[in-house]
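A short write-up of the structure that comes next.
Order of the sequence lines fixes the chain letters, A, B, ..., with proteins taken first and strands second; residue numbering starts at 1 for each chain.
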Amino acid sequence: MRRNIKKIGVWIAIVVLIGAAFGSGYVLAHYLKSPEVKEIGETEEIVSFIDGVGRTIKITKTPERIVSMASSSTEILYEIGCGDKIVGVDKYSDYPSDAENKTKVGSCYSPSLEIIIGLNPDLVITWWYGRNSIESLEDETTVMYINPESVDDVMNMIKLYGLIMNKTSEADSLVDEMQDKIDNITNLVGGLNKTERPLVYYELLKRGRSTGQGTFTNELIFMAGGISIAADEPLRYPDLTDEYIIAKNPDVIVVVSYGAAVDEIKNRDGWENISAVKNNRVYSIDTHIVTSSPRLVDGLETFAKWFHPGLFVE
Amino acid sequence: MEKTYYRKRIRWLTIIIGLSIALLFTVLFALMTGVMGPIGNGIPGIDKISFRAVFEILLGKGNWPDTYKTIILKIRLPRIILAGLVGSALAVAGCAMQGLFRNPMASPYILGASSGAAFGASLVIVLGLSIFGIYTMQLSAFIFAVQAVFVVYNIARCKGRTPVETLLLAGIAVGCFFSALVSFMKYISGEELRSIVFWLMGGFWSATWDKVYAIFPLIILGVGVLLFFSKALNIMLTGESTAMHLGIEVENMKRIVLIFSTLITAAAVSVSGIIGFVGLIIPHVMRIIVGPDHRILLPSSCITGAIFLILADTLTRSIIEPTELPVGIVTALLGAPFFLYLLRRKKKVKWW
């Protein structure tokens, strides 16, 4: 009997521990915020801001040697005319093509710290989820983590880079240019109500895997006048069953360029009656334009043309 | 009798000294190797570090750029020491577990420590926890690793005894349970998925002095205690009842060996992720080379484990620049063929 009580105690301890971890996790997970920009005028600091993991970053001198481990940041820096300040990039930074000539430092998950230090950078930019592998450099140089989750975040990030790099006018004009293109689209489709929006099934690498609540892709789909069939799914990347997809009967299917072939999707068993397949509205999209980079407006325009072919006549 | 005893002692001493010298050279070689040189490809447009620079920086002499000092003292050195500590810990723990269970399949992970740690780490990665600062993940991995073995031990205990078969089976079951939880964490994760995958493959790219300081005392203590029990482990090989008749407090000893094996395994796993193979194979390799006596097997496994993991990690740093290969891949790719070769060559080896 006493032994049983002991065993029950052990199990309760496990359950409580796991429960506590989950509970505190959900509270703290929302702590991760997007960059906030605060300009501090005449002091010696050029700019200070909260980065994507909640650290306060102070930039006191315009960076001259940047290592960018986020391809979208690489793109932004090139766009605002700071490509020459980049000394190292991650292996995914391939746009614009000049980025390919920069020293490669690996991926943000397993970078070579030695190459990074060897490049002697004064600013290292990386994704928030790459922190585990690089936090030991936080004492050596300025490391900022980014966590853009929405189009607004991207705009703010561009402005932030403008401040950091002392290129505010370039950044502002880039943002304005993007905003114009976005406005052109939202003026036409922004007012649509739910029934007027085509249902979109966005497929990632694997059959059924789509984008759920709070993802950047779903925001773009919505801005382009569509609505994702998984828009309310709590998981960020849910695996949808065939049954779910067929029941939702999407009007448009978009698959990422490195995923399944369009023809394969059209020929899937049981999918022949899905509206998108019947009406031949299955498309493949270049994933490079559905990211947190300035090219997101291209993605937006592509989506809008597919979702509302009547409204956007070329 | 007396004479053979001395001869054995001298042989053992030679082995230990030889291995220690090998370890020293391994460390020096590893310190020299890296993209920034002296042994390495170098980065275009940037001077490589010279051999002289490495020695002078190590001795605290000379006027070298801060970049060099950072690379040698803050990136390479802690990483090498960490790899050495983890290699020793896993090899010794594996050796002790194999002796205790009298089972060649036993490894430090057999009682669920790795699955527990994997769950602890993935939990923190997915939920983005930072309750205990930047080392929350390591702490969580450690706690869950110990927790898993604690549960296994308590489940297997029956009327004051812990039969090894029950321990092994309970270990496998609890391991499966935690593996399923890890799969679940992977399933609900988003961008963090690859962080989990990388952690599961194990590696030292995030080595810091803090991590060295955290696990150093634990591993030295644990390895020391297990070395102390090498004679008892020898007697255990004759079977539990025989050992009992020879005056070994079997249950007590089992508990102590398990506690310290688990502690050093958990410490190792928490800073490096799950590095397979070292804990399983190094003891076998050493058994082939030095024989099954734990008094020499344990210390020689300890040093060889360190050498092996430092070498493997040095390879991961230089094999596919600039990205680093997870060291777990290298240990298995290098170790398995070598082990199979030894196995073929010495088929009639006396395992136990």
Side-chain angles (χ1 to χ4, degrees), chain A residues 3 6-7 9-11 13-14 17-18 21-22 24-32 53-54 87-88 90-91 103-120 127-141 147 212 214-215 234-239, chain B residues 34-36 40 42-46 49 65-67 70-71 74-76 78-79 119-120 123-131 134 137 140 143-144 147 150-151 154-155 157-158 181 187-195 197-199 203 205-210 317 321-326:
Chain A
R3 171 139 290 122
K6 213 169 171 182
K7 268 183 196 168
V10 169
W11 283 108
I14 300 171
L17 217 84
I18 294 174
F22 267 103
S24 44
Y26 274 117
V27 177
L28 282 163
H30 296 283
Y31 181 66
L32 297 168
V53 295
V87 291
D90 73 324
K91 63 175 178 181
T103 303
K104 297 271 184 285
V105 299
S107 75
C108 75
Y109 301 98
S110 64
S112 165
L113 300 187
E114 192 166 323
I115 299 183
I116 297 176
I117 284 294
L119 290 168
N120 200 13
W127 293 99
W128 62 275
Y129 45 80
R131 189 174 184 191
N132 282 334
S133 55
I134 200 179
E135 61 195 359
S136 53
L137 292 193
E138 285 171 11
D139 298 334
E140 307 299 325
T141 179
N147 182 21
T215 51
L235 288 182
R236 282 171 71 78
Y237 302 100
D239 282 320
Chain B
V35 192
M36 283 287 284
I43 306 169
I46 292 171
I49 305 176
D66 282 345
T67 337
T70 307
I71 286 175
K74 288 192 179 166
I75 294 182
R76 286 189 196 166
R79 185 171 174 152
F119 173 66
L123 190 74
V124 172
I125 293 174
V126 169
L127 300 179
L129 299 175
S130 53
I131 330 171
I134 56 171
M137 187 180 87
S140 167
I143 291 170
F144 275 97
Q147 167 111 358
F150 178 73
V151 170
N154 275 292
I155 288 175
R157 205 158 55 149
C158 179
L181 283 178
Y187 178 74
I188 64 165
S189 67
E191 289 84 351
E192 312 89 344
L193 176 63
R194 290 195 60 182
S195 300
V197 173
F198 268 89
W199 193 88
W205 52 77
S206 57
T208 58
W209 280 112
D210 285 344
R317 287 193 282 137
E321 280 166 20
T323 303
E324 297 185 357
L325 215 56

B/Ile125 versus chain A, the contacting section by heavy-atom distance below 4.5 Å: side chain

Which pair of heavy atoms, one from B/Trp205 and one from A/Pro111, lies closest together, and at what distance? CB-O, 4.5 Å

Here the pair of heavy atoms bringing B/Thr208 nearest to A/Ser136 is CG2-CB, 3.1 Å

Please find the pair of heavy atoms, one from B/Val35 and one from A/Ser112, that lie closest to each other, and give the distance. CG2-OG, 4.1 Å

Between A/Ser133 and chain B, with a heavy-atom cut-off of 4.5 Å, which part of the residue counts as in contact: side chain, backbone, both or neither? both

Test of understanding: with side chain to side chain contact (heavy atoms under 4.5 Å, CB included), list the residues that count as partners of A/Arg131, not counting sequence neighbours. A/Val53, A/Arg55, A/Glu135, A/Glu138, A/Tyr145, B/Ile134

Taking all non-hydrogen atoms of both residues, which atom of B/Ser189 and which atom of A/Tyr237 are closest, and how far apart? O-CD1, 4.4 Å

Only counting residues at least two apart or in another chain, list the ones meeting side chain to side chain contact (heavy atoms under 4.5 Å, CB included) with B/Thr70. A/Ile117, A/Glu140, B/Lys74

Part of B/Arg76 within contact of chain A (heavy atom distance under 4.5 Å): side chain

What residue, out of A/Thr215, A/Asp239, A/Asn120, has the most heavy-atom pairs lying under 4.5 Å from chain B? A/Asp239

Say you draw a straight line from CZ of B/Arg317 to CG of A/Leu113; how long is it, rounded to the nearest 0.5 Å? 10.5 Å

Checking heavy atoms, do the side chain of A/Ile134, its backbone, both or neither come under 4.5 Å from chain B? neither

Where on A/Asp139 is there a heavy atom nearer than 4.5 Å to chain B: the side chain, the backbone, both, or neither? neither

Here the gap from A/Trp127 atom CH2 to B/Glu192 atom CD, rounded to the nearest 0.5 Å, amounts to 12.5 Å

Heavy-atom closest pair (A/Leu235 atom, B/Tyr187 atom, distance to 0.1 Å) is CD1-CE2, 3.5 Å

Side chain, backbone, both or neither: which part of B/Met36 has a heavy atom under 4.5 Å from chain A? both

